[in-house]
Amino acid sequence: QVQLVESGGGLVQAGGALRLSCVVSGTDLSINSSVNSMGWYRQAPGKEREFVASIKSADSTNYADSVKGRFTISRDAAKNTVYLQMNNLKPEDTAVYYCNFFSLRARVGWGQGTQVTVSS
């Protein structure tokens, strides 16, 4: 059974920074493999969950337009962990942030996520 546990959220003022972590366990598949591209997603109150960032084979990355230049996704294979460095945070970034496998074939159930609140 694959487990994904997000952490690192909190309350920060606009312009501040946070680093989110997603620890993956319970699988023999590497989060750095070509079939285990990872992604970060977020859901604000009253809104649908949306894509934020992904990291794929050869560590290629992709970002939603709303976070380009501010967020950086990365991974540490030794720790089975995916990170999301969030800089210059804006109130619009307030949401619950989730990690998951990017490929729908590898996707597992959504966890509890980690709350990010940005005050103006």
Side-chain angles (χ1 to χ4, degrees):
Q1 190 71 31
V2 177
Q3 302 284 343
L4 302 105
V5 180
E6 303 95 340
S7 64
L11 175 64
V12 64
Q13 293 184 333
L18 287 172
R19 188 192 193 195
L20 307 185
S21 298
C22 171
V23 178
V24 184
S25 63
T27 178
D28 291 329
L29 298 176
S30 172
I31 62 173
N32 299 305
S33 73
S34 61
V35 299
N36 281 326
S37 299
M38 302 296 297
W40 281 97
Y41 308 81
R42 67 187 182 186
Q43 185 169 23
K47 300 183 67 176
E48 296 295 319
R49 181 180 290 107
E50 65 177 353
F51 167 80
V52 175
S54 65
I55 184 164
K56 305 176 182 179
S57 61
D59 286 341
S60 63
T61 58
N62 191 34
Y63 300 91
D65 288 341
S66 59
V67 306
K68 285 182 179 177
R70 300 189 298 118
F71 291 10
T72 303
I73 185 172
S74 62
R75 56 189 166 195
D76 185 332
K79 298 180 179 180
N80 278 346
T81 303
V82 182
Y83 302 97
L84 184 68
Q85 178 66 47
M86 307 185 296
N87 297 327
N88 191 24
L89 284 162
K90 304 176 180 180
E92 306 90 89
D93 296 318
T94 295
V96 177
Y97 284 71
Y98 305 87
C99 67
N100 213 324
F101 297 97
F102 186 75
S103 171
L104 290 178
R105 291 187 295 178
R107 187 73 56 81
V108 298
W110 299 100
Q112 295 301 306
T114 184
Q115 176 71 50
V116 171
T117 303
V118 184
S119 61
S120 60

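What you see below is based on every heavy atom in this structure, not just the backbone, and it leaves out hydrogens, waters and symmetry mates.
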Item to check | Where A53 and Y63 come nearest, the two heavy atoms and their spacing | outcome: CB-CD2, 3.5 Å

Checklist entry - Who pairs with V108 by side chain to side chain contact (heavy atoms under 4.5 Å, CB included), at least two apart in sequence or on another chain? => result V2, L4, N100, F101

Checklist outcome for this item: Between G9 and T114 the two heavy atoms that sit nearest each other are N-OG1, 2.9 Å

Item to check | From S120 atom OG to Q13 atom CD, the distance as rounded to the nearest 0.5 Å | outcome: 9.5 Å

Item to check | Nearest heavy atoms of Y98 and E6, plus distance in Å | outcome: CA-OE2, 3.3 Å

Next on the checklist: When you group the ILVMFWY residues by side-chain heavy-atom contacts below 4.5 Å and let the links chain together, are V52 and V12 in the same group?
Outcome noted: yes

Item to check | R75 and D59, any side-chain heavy atoms less than 4.5 Å apart | outcome: yes

Item to check | S37 vs S103 side-chain heavy atoms within contact, under 4.5 Å | outcome: no

Next on the checklist: I'd like to check the side-chain hydrogen bond (donor to acceptor under 3.5 Å, both in side chains) partners of K68; sequence neighbours left out, ordered by chain and number.
Outcome noted: D65

Item to check | Which residues share a side chain to side chain contact (heavy atoms under 4.5 Å, CB included) with V116, sequence neighbours left out | outcome: L18, L20, M86, Y97, V118

Item to check | Distance, nearest 0.5 Å, that separates CH2 of W40 from OG of S54 | outcome: 13.0 Å

Item to check | Set of side-chain hydrogen bond (donor to acceptor under 3.5 Å, both in side chains) partners for T117, sequence neighbours left out | outcome: Q115

Checklist entry - Looking at N87, L84, N88, which one forms a side chain to side chain contact (heavy atoms under 4.5 Å, CB included) with F71? => result L84

Checklist outcome for this item: Between the CZ atom in F102 and the CD1 atom in I73, the distance rounded to the nearest 0.5 Å is 9.5 Å

Item to check | Set of residues satisfying side chain to side chain contact (heavy atoms under 4.5 Å, CB included) with respect to R19, sequence neighbours excluded | outcome: Y83, Q85

Checklist outcome for this item: So salt bridge (Lys or Arg N to Asp or Glu O under 4.0 Å) across residues 91-104, not counting sequence neighbours, yields R42-D93, R70-D93

